[in-house]
> 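One structure coming up, written as structure tokens, with questions to follow.
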Protein chains: 2
Amino acid sequence: MTAAPPRRRASGRVTLDDVARAADVSPITVSRALRGERAVDPALVARVREAADRLGYVPDPAARALASRRSTHVAVLIPMLSNALFVDLIEAVQRTLRPAGYQALIGVTHYDDTEEAVLLREQLLHRPAGLLVTGIDRPAATRSLIAQAGVPCVHMMDLAPADAGLYSVGMSQAEAGAAMTRHLLARGHRRVAFAAAQLDPRTLQRLQGWRRELTAAGLYEPTLEWLNPAPSSIALGGRMFEQVIGQRPSIDAVFFCNDDLAQGALLAAVRHGIRVPDDIAIAGFNDLTGSDQMVPPLTTVRTPRAEVGAAASVMLLALMRGEHVERPVVDLGFELVPRGSV
Amino acid sequence: MTAAPPRRRASGRVTLDDVARAADVSPITVSRALRGERAVDPALVARVREAADRLGYVPDPAARALASRRSTHVAVLIPMLSNALFVDLIEAVQRTLRPAGYQALIGVTHYDDTEEAVLLREQLLHRPAGLLVTGIDRPAATRSLIAQAGVPCVHMMDLAPADAGLYSVGMSQAEAGAAMTRHLLARGHRRVAFAAAQLDPRTLQRLQGWRRELTAAGLYEPTLEWLNPAPSSIALGGRMFEQVIGQRPSIDAVFFCNDDLAQGALLAAVRHGIRVPDDIAIAGFNDLTGSDQMVPPLTTVRTPRAEVGAAASVMLLALMRGEHVERPVVDLGFELVPRGSV
DNA sequence: CTGTTAGCGCTTTCAG
DNA sequence: CTGAAAGCGCTAACAG
């Protein structure tokens, strides 16, 4: 009785075994040599490397994921791609993760907690090696989903409390809001409105910063708050600005929570022949593309999103290697950018 | 000599075998029932489904990819995330692919053929189930890389020649460029410049459309072309506009290849006190966010990128299922949007 | 229509 | 420091 003829599904692909045979070592040694895991004789490593290069060997991610229960994917959750802020963030993340052999899986939550939870669950099935999420505030269920996943996670664009046991790279949104408010006050503005859309957690923190400073100056009034849960956009900024000047002509400055709103306001001002900053000052947030080209150029706060994306990725890379991270909370600060609109 | 005791690495995960045991069928039947592949007795399907649901079974993508040599990933290659056009495209792609169980792997080429080839090679290692790329024109090496990959591919935002054997969903960039040019001529403009940045293939096709119409009208002159290979941006649009009016005051209209350039030009015009369209008309392309808010509102061409993303994904879905696609080339057209700037 | 068997290509576990 | 054996969880191939 001879054994049934082997029916191979030969893929034509160069496998670890091929390399092992070529280098005359066992497959596991190839695996270890190539991954740099455990100590392997330098001479063997060189031989294996040479053979792998010669044969054009490339590890199969699926096989690797199956055997190790860990993929080369990093799930990245951001609220919105149409906010240029997150495009810069994503670009930096990709630029850092790719050379290290990781693939970013981008999930867009549309600022929706439920959608974020769904995306998270989906991504977790793919056994990502790491997780990059935007912000700290989220429902307890989602927080524990992340904690239970057993996957390292770094939070971006905000700072976790030091005792939360979370990793985060970002800046204080409240401080940034406060800084711009102080700038407006320092420039002599007294009735400083705060106009916001979307109302996501970070926006609300900026609102807190504004409130704090205005209250400290004895200038706070609830009627100075213009909050709109609709998605932020240039068009909405124009409409909100028209509301403000129509309903409260005494307001002499508007601090918009995002540059797109402020840009829309600036354009509306041009349309209505309102002089900025003489009639009214306008400030934005994030220093998005085009803000420096507005007429007048928009005073804003530059947020270090590219730096955040890069630093968060570097931190995640360390965590994925199982390394200890000295500073789990990294504050990258912000920069007030005074231009002509204030 | 007894065999070594089985050392299970029990992952705690519910596997296909668990479901098979619970439903009292063989694993392969579970596999087939759940995938709807091949005919399986409806009664068995129901039993398997019930067991799977009860146990909370979720297939492991890595195991599936390894065994079938096909993942649930779709590689999506776009030139740039900072062009809002592609954000809309990506959003539509994700919205179509995700419910069908596919994950979009986004690769950004930065309008670079080499980077595109590198990304393609990387993605192909992950054995994507499908491929979505931007545009038709690319080096022969990259084209054959795609052809050799044995993975269905749909091209977006441009139309392949009918006999190329390629799948594409988009619109004629040249026709769109021509249409805007005719509009400018119809509005009485005679010295119509074409200003472009980036100079990617689709931009150059729009240039061709403009050339054709201007030549037909006997108005073509090489000095009317303002081509700049730098990345497109609002700031660059402003600078290019200043060049045009500084060096060729006789030009009475500028057709920008993208809205961000045109927006920058419009802002520069406000800055310089140039009246648009009285002194000079300005036209854009793509109808990006904010174009309708400019002063005056920007005349542009609306490109159906969301529709393209959705239709291309639907076509790819069919191809991935191995279905025959009736119309491999789908022209979704474009729409001239006359506003105040012309 | 259902099952058996043999892998996919890699890494883990346990020894040496 | 190196290796042998045993899967990871699933599907392709080949029967029946």
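In what follows, chains are A, B, ... by sequence order, proteins preceding strands, each numbered from 1. This is a predicted model, so every value here is computed, not measured.
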> For A:R121, check salt bridge (Lys or Arg N to Asp or Glu O under 4.0 Å) against everything at least two apart and list the hits.
none
> Side chain of A:V25 only, heavy atoms from C-beta on: which candidate in D:dG3, D:dT11, C:dG9 is closest?
D:dG3
> Tell me whether the side-chain N/O atoms of B:S31 come closer than 4.0 Å to OP1 or OP2 in D:dT11.
yes
> Ring pair (Phe, Tyr, Trp, His ring centres under 6.0 Å): which pairs involve residues 29-75 of chain B, sequence neighbours left out?
A:H73-B:H73, A:H126-B:H73
> To the nearest Å, give me how far apart CG (A:L34) and P (C:dG9) are.
16 Å
> Would you kindly give the CG-to-C1' distance between A:D17 and D:dG3, to the nearest whole Å?
13 Å
> Which nucleotide sits closest to the side chain of A:T29: D:dT2, D:dA13, C:dC8?
D:dT2
> B:Y57 OH to D:dT11 C1': how many Å, rounded?
11 Å
> Between A:I136 and A:S168, is the side-chain contact (heavy atoms from CB on, under 4.5 Å) condition met? List the steps.
CA-CA 8 Å; A:I136 304 287; A:S168 59; 4.1 Å; yes
> D:dG9, D:dT11, C:dT2: which one has an atom nearest the side-chain heavy atoms of B:S68?
D:dT11
> To the nearest Å, how far apart are B:D41 CG and C:dG3 P?
10 Å
> At less than 4.0 Å, is any side-chain N or O atom of B:R35 found next to OP1 or OP2 of D:dA12? Yes or no.
yes
> Just checking A:P59: base, sugar-phosphate only, or nothing, at a heavy-atom cut-off of under 4.0 Å?
sugar-phosphate
> Among the nucleotides D:dT2, C:dG9, C:dG3, which one has an atom lying closest to any side-chain atom of A:L66?
C:dG9
> Respond yes when some side-chain nitrogen or oxygen of A:S26 is under 4.0 Å from OP1 or OP2 of D:dG3, and no when none is.
yes
> Over how many whole Å does the gap from B:D18 atom CG to D:dC10 atom C1' extend?
13 Å
> Using atom NE2 of A:H126 as one end and atom C1' of D:dC8 as the other, report the distance to the nearest whole Å.
17 Å
> Specify the closest pair of heavy atoms between A:Q103 and B:L105, including all atoms of both residues, with the distance to one decimal.
OE1-CD2, 3.5 Å
> So which nucleotide from D:dT2, C:dC10, D:dC10 ends up closest to the side chain of B:L16?
D:dC10
> Does any N or O donor sit under 3.5 Å from an N or O acceptor when you compare the side chain of B:R69 with the base of C:dG9?
no
> Got a salt bridge between B:R127 and A:D60, using NZ or NE/NH1/NH2 to carboxylate O under 4.0 Å?
yes
> Round to a whole Å and report the spacing from CG of A:D60 to C1' of D:dC10.
14 Å
> Nearest-Å distance, CZ (B:R32) to C1' (D:dA12)?
9 Å
> Of the nucleotides D:dC10, D:dA4, C:dC10, which has the atom closest to the A:I28 side chain?
D:dA4
